[in-house]
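Note that the structure is predicted; figures quoted are calculated from it, not measured. Each chain gets a letter, A, B and so on, in the order its sequence line appears, and its residues count up from 1.
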Amino acid sequence: MDRGWYFRFATVLVLVTSAVLALWPSLDNWIPAPQWVKETFEGRISPGLDIQGGLRLMYEVDVDAAIENRRDIMADRLVGRLGYLLGELEEDDANSPTREQREALRDKIDIDTFERSDSDPFGHMKIRVTFTEAADAEALTRDWLREQSNFPDLVETSRTPEDGSMVVRLEIREERIEEVMADAVDRAVKVIENRTDEMAIREMTVIGRETDVIVEIPGGDAASRLVTCLLGAASTAEPDADGKITFEYPRERLLRCSGLTESEADDALRKLGEATYSLSEEEQVSVVDIEGDGYVINDLEEFRQQSMFERVRTIISRTARLEFRILQDESQFVAQLSDLPEGVEKRTEATTIAPGQEVISTFLVASGDNSQRVLRDYVDSLTVPEGDEILLGAYNPAEEGDDEAEAEEGWRTYYVRATTEVSGEDVKDAYVSQDDKGRPVVIIEFNGDGADSFGEMTGQNVKRRMSIVLDNKVESAPVINERIGGGVCQITLGGYRGYDALNREAAELVVVLKAGALPAPISPTNENLVGATLGRDSVERGAQGALVGVILVLVFMLLYYQVAGIVADTMVLLNILFLLATLAFFEATLTLPGVAGIALTIGMAVDANVLITERIREELRLGKSPRSAVDQGFRRAFWSIFDAQLTTFIAGVVLYQYGTGPIKGFAVTLMIGIGTSLFTGVFCSKVMLDWIVRGLRVQRLRVG
Amino acid sequence: MEFIRPGIYIDFMRHRKKVVGVSLTLAVLSLISLFYPGPNYGIDFRGGTEVQMAFNGEVEASELRGTLEGLGYVRPDVVRVEGEGNEYIVRVREVTALSEEQMEGLNDRVSGELGDAISVARMEFQPRKKNEELGNYTVFKIVLMLTGEVMSDREAQAEAIQTALENQGINIRDVNPFGSPAENRYEAHLAGLEADLVRQLREELGDRGPDAPTRVEWVGPKAGAQLRDAAVKSLLYAIAFIMVYVALRFDLRFAPGGVLAMIHDALITLGIYVLVQREVNLTTVAALLTIMGYSINDTIVVFDRIRENMGRMRDKSLTELINISTSQMLSRTIVTSLTTLLSVGAFFVWGTAVIKDIAFALMIGILIGTFSSVYVAAPVTEFIDRRFFSRKKS
């Protein structure tokens with residue numbers, strides 16, 4: 001044997017060893033893997049919903065909010081369009097009047113919107129237009145509304161004179177409402193799909209129905225399942241003063257709830273403990289097993305984070321509406337407030353509102369566990385001047401600069417303009433970075449439109465403060481030093497949170513900003529851990545079928561090709577090993593369509609060997625020696641195999657690129673399978689055949 | 001062991017007209033079958049009813065599925081809720097439905113039933129999805145908004161509505177007031193399906209049977225328009241890229257044949273699926289993709305041999321080359337098809353439900369794929385060569 005062969009043989013040996021090790025943790029239930037193997041190769045094949053089940057979450061989409069949103073957009077456009085109708089605005093300005101033009105129009109037209117309430121269940125669909133001069137209302141006709149550039153979705157419900165002025169009431173058309181509702185659910189489904197794609201969770205299913213969205217997350221490691229069950233049990237227990245929750249949960253109920261075996265549960269419980277014991281005593285989050293059935297959760301939030309389900313859930317339910325608003329620091333509204341409720345205090349800060357013009361502005365703060373609600377309730381009770389709004393943001397009551405300490409929870413107010421200048425719809429990309437203090441920040445890049453309006457907003461408001469609002473909470477309020485062109489913006493996450501929490505928050509933010517905002521808030525309505533959709537029995541019988549199939553193939557190849565059959569059989573087995581190991585390495589989710597992909601690649605692996613063996617047969621028939629027959633056989637068969645596999649691979653790449661959900665899963669298995677079958681068929685089998693014809697120096701190669 | 005004598009020469013192309021005719025007929029029939037009678041779409045594609053219920057005794061998922069199938073429900077989804085009770089989520093294709101006539105003017109008729117002082121201001125049918133084949137609409141609940149002198153006792157009003165609807169021949173499970181009293185909004189859930197389901201299951205399972213369902217809902221399709229569009233788009237791109245690769249690597253003449261064979265195989269498999277009225281679901285999509293992968297793989301190997309022989313036997317016509325190459329490859333074609341059939345066959349014999357379906361599709365696909373490499377890909381290539389490239393050759 002030459003040196004080249006030894007080198008190739010060593011390559012195969014190393015790869016086989018790594019593949020076995022990489023696959024081992026996935027087989028832990030049957031053949032326990034040593035600890036170091038599990039630590040080195042963390043990836044496991046996780047069975048999909050159809051094979052193992054998973055977590056099923058139901059959300060209700062707040063379609064009323066979506067309708068209200070749509071109504072608000074129309075109400076906003078109505079100002080400009082009516083201004084143009086009355087000859088107050090040029091056509092160019094009709095769709096985007098400036099703030100000054102809006103102010104000027106308010107003398108002639110006043111537009112009010114309402115909220116849904118008990119007394120007015122359809123309030124969120126209504127708009128009231130008050131024309132100061134009744135005669136102006138004449139111009140607003142049914143035909144005008146119906147024009148495509150105006151408001152075909154609105155319908156007039158009444159027109160009443162009110163001391164000299166005229167009040168016209170408009171409402172969204174009934175058929176349009178159903179469309180808006182269906183559209184909100186469809187978009188919610190799409191956004192949730194995008195988010196889970198960003199998180200690289202494969203094989204999730206997201207289904208829309210009426211106003212609900214059902215999300216099914218496959219598999220889930222033992223820890224995720226345990227956390228879900230323990231959280232359920234903990235929800236009935238009262239936390240003590242430190243937020244520590246102590247409760248009991250009989251082991252057999254835990255096993256039933258999680259669907260785990262005794263040893264799986266023990267293993268996962270130990271791991272949950274270890275993950276948290278590494279922290280110092282008081283930070284320790286987790287489960288302390290008292291005589292089998294007792295549990296203590298020190299920090300509920302940290303405990304949640306131990307479960308993949310919980311992480312997914314946080315990301316799914318975020319609305320992620322990003323807005324940029326300008327602060328009204330010159331307003332004295334907050335400064336004039338008196339009779340503050342207990343726990344709410346006034347603070348002042350010096351800010352500039354124009355180059356060289358500094359004012360002292362006042363804001364409210366509250367701190368402590370309930371501070372957000374206290375402040376929120378108080379702010380809601382205020383009558384804020386029209387066009388302005390008070391928003392809350394997290395606030396660190398400790399002095400600035402002390403970044404290390406995780407301070408007490410605190411909230412403050414921001415006095416801002418009610419109009420959103422730029423929104424997150426135009427975000428092109430987002431990623432986590434660090435500011436000069438090493439704290440995590442999120443950088444966002446706008447697309448063309450977004451960059452333009454962001455540049456315009458910052459240009460018009462130099463030296464003022466801009467608030468970055470996420471889901472109605474102010475994250476930060478930096479001063480605009482100059483016009484920001486180029487469409488890149490940095491979001492500093494506000495508040496009292498510690499480094500880890502900020503980091504996690506930043507990573508979450510990136511996912512949701514890239515995937516887009518939900519069209520309306522969603523709220524969870526129901527959740528279950530569910531078993532395999534296929535059923536355990538079907539899975540077992542399927543596995544039996546697969547096993548019998550492989551054995552039949554192996555026996556047939558052995559009978560038909562004899563010695564070459566041994567080679568082919570070895571390659572089929574190696575191919576299965578490599579394929580599964582690669583799937584484990586990439587933490588792929590294995591579903592039934594994936595199994596179909598594997599069946600196909602096994603067929604292709606066999607085909608490669610058949611092609612080679614048939615060629616060797618042909619060469620032997622021509623009277624060549626085994627050595628040259630093997631060499632010629634490989635040389636000639638190589639390109640057929642290569643072309644055939646590459647063509648199929650192209651299909652795989654395209655399916656992966658453009659497909660969704662199950663199609664993507666299939667494509668992944670297919671591509672990996674082609675790679676491994678090409679490797680085993682062309683490389684490994686050559687090593688083995690070379691050994692037979694050169695190492696063993698067989699005089700006659702029996703190929704059947 | 002040898003199935004095929006080495007050096008054999010079979011004149012495959014002599015019968016090509018007849019065989020291509022058969023193949024074309026099959027393809028056309030399959031295409032027609034997609035519209036009439038049309039595929040038997042599963043829950044994945046058309047949604048259905050979801051019922052969550054707790055059983056009074058131990059029931060296995062497989063047993064429950066078997067029972068449901070025995071009762072005539074086609075391919076029900078049975079999902080165990082992991083937890084302490086014997087709770088299951090059952091999804092069936094059947095839905096409660098109303099005909100166009102029942103819905104037309106129901107508003108006025110119910111208003112009439114409720115008396116002169118009350119009228120129905122608005123009536124919504126949800127989800128109001130049209131079932132093309134049955135000509136009716138899936139309706140899961142009817143939302144009514146009343147005006148006029150509505151009863152202050154909301155429960156009594158709900159009962160009155162239920163009677164009014166039932167007098168119109170609509171089976172109602174319950175009517176509930178919804179939202180705030182001022183809204184005068186009532187929701188009526190249609191009955192029928194889940195009541196039958198529970199009753200039938202109780203009859204079959206006896207003491208272990210289920211209680212009244214905890215949740216009944218209409219579910220939309222898992223694979224909606226979005227997935228269909230993505231699938232179609234990715235297939236078109238895949239076809240385009242494969243054609244480009246084959247054209248560059250082999251010859252322009254080969255490209256259409258390979259792709260046509262691939263489409264041919266998927267189409268006929270689907271046709272047979274429709275013929276035996278097996279349910280088409282997401283798994284079927286995966287099976288079709290697999291078949292297309294197998295088909296193109298198989299075809300390329302035959303093409304490769306034709307190309308190789310082209311270089312060596314310059315005096316032979318393309319028809320002869322195809323015959324020689326196909327004959328040379330026959331042994332391989334048979335062995336590969338046989339081994340793949342063996343493994344898929346085992347799936348078919350041992351597998352249950354969805355696994356059996358997927359194995360069935362793959363078996364058909366492999367058989368047709370083997371045949372199409374010889375009788376679709378090659379004749380098309382020969383035809384294109386004769387029709388468009390013959391002058392160049394001379």
Side-chain angles (χ1 to χ4, degrees), chain A residues 118-119 121 205 207-210 253 256-257 259 528-531 533-538 541-542 544-546 548-550 552-553 556-557 559-560 592-593 596-597 599-600 602-604 606-607 610-611 614 621 639-640 643-644 647-648 650-651 654-655 658-663 666 670 704, chain B residues 1 6 61-62 65 77-84 89 126-127 179-180 182-183 217-220 222 227 230-231 233-234 237-238 241-242 245-246 249 282-283 286-287 289-290 293-294 296-297 300-301 304 331-332 335-336 339-340 342-344 346-347 349-355 358 362:
Chain A
D118 278 359
S119 56
T205 58
I207 318 173
R209 113 178 132 195
E210 288 182 50
R253 286 175 59 192
R256 288 208 62 161
C257 168
N528 292 123
L529 274 178
V530 293
T533 49
L534 263 184
R536 214 165 267 236
D537 55 325
S538 298
R541 299 198 55 175
Q544 276 170 13
V548 173
V550 170
L552 283 178
V553 170
F556 172 78
M557 293 292 278
L559 289 179
Y560 193 80
L592 206 59
L600 175 62
I602 291 176
M604 285 167 67
V606 172
D607 190 41
V610 171
L611 278 169
E614 289 286 330
R621 268 182 220 120
W639 287 110
S640 320
D643 281 330
T647 320
T648 322
I650 292 173
V654 175
L655 289 177
Y658 299 99
T660 55
I663 301 181
F666 171 79
L670 182 62
Chain B
M1 207 193 330
S62 52
R65 185 177 302 109
D77 264 358
V78 173
V79 184
R80 191 191 176 95
V81 178
E82 306 263 20
E84 295 166 32
I89 297 172
Q126 288 176 0
S180 65
E183 233 177 300
E217 258 149 327
W218 174 82
V219 282
K222 252 185 228 177
L227 183 95
K233 196 161 99 181
S234 50
Y237 278 117
F241 280 112
I242 288 175
Y245 179 75
V246 173
R249 182 88 181 91
L282 278 180
T283 321
L289 291 174
T290 311
Y294 184 86
I296 191 74
N297 197 296
I300 295 291
V301 170
D304 202 77
S331 177
R332 167 263 166 191
V335 172
T336 300
T339 48
T340 334
L342 277 179
S343 73
V344 176
F347 259 112
V349 174
W350 267 267
T352 50
V354 198
I355 300 182
I358 206 169
L362 287 177

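- Of the listed residues (B:I242, B:V349, B:V344, B:V335), the one with the most heavy-atom contacts under 4.5 Å to chain A is B:V335.
- In terms of heavy-atom pairs under 4.5 Å with chain B, the best-connected choice from A:L611, A:I650, A:T647, A:V550 is A:T647.
- Within the 4.5 Å cutoff, side-chain heavy atoms of A:D607 are placed close to those of B:N297.
- Residues A:A651 and B:A238 approach most closely at CA-CB, 4.2 Å, considering heavy atoms.
- In this structure the side chain of B:S331 reaches within 4.5 angstrom of the side chain of A:Y560, judged on heavy atoms.
- Only the side chain of A:V606 comes within contact range of chain B, with heavy atoms under 4.5 Å apart.
- Side chains of B:R249 and A:W639 form a contact here, defined as non-hydrogen atoms less than 4.5 Å apart.
- Among the candidates B:L342, B:D304, B:V246, the residue making the largest number of heavy-atom pairs closer than 4.5 Å to chain A is B:D304.
- Residue B:A346 comes nearest to A:G545 through the heavy atom pair CB-O, 3.4 Å, listed as atom of the first residue, atom of the second, then distance.
- When each of A:V553, A:V548, A:D643 is checked for heavy-atom pairs under 4.5 Å with chain B, A:D643 comes out on top.
- Residues B:V301 and A:S640 share a closest heavy-atom pair of CG2-O, 4.4 Å.
- The minimum heavy-atom distance linking B:F347 with A:A546 is given by the pair CZ-CB, 3.8 Å.
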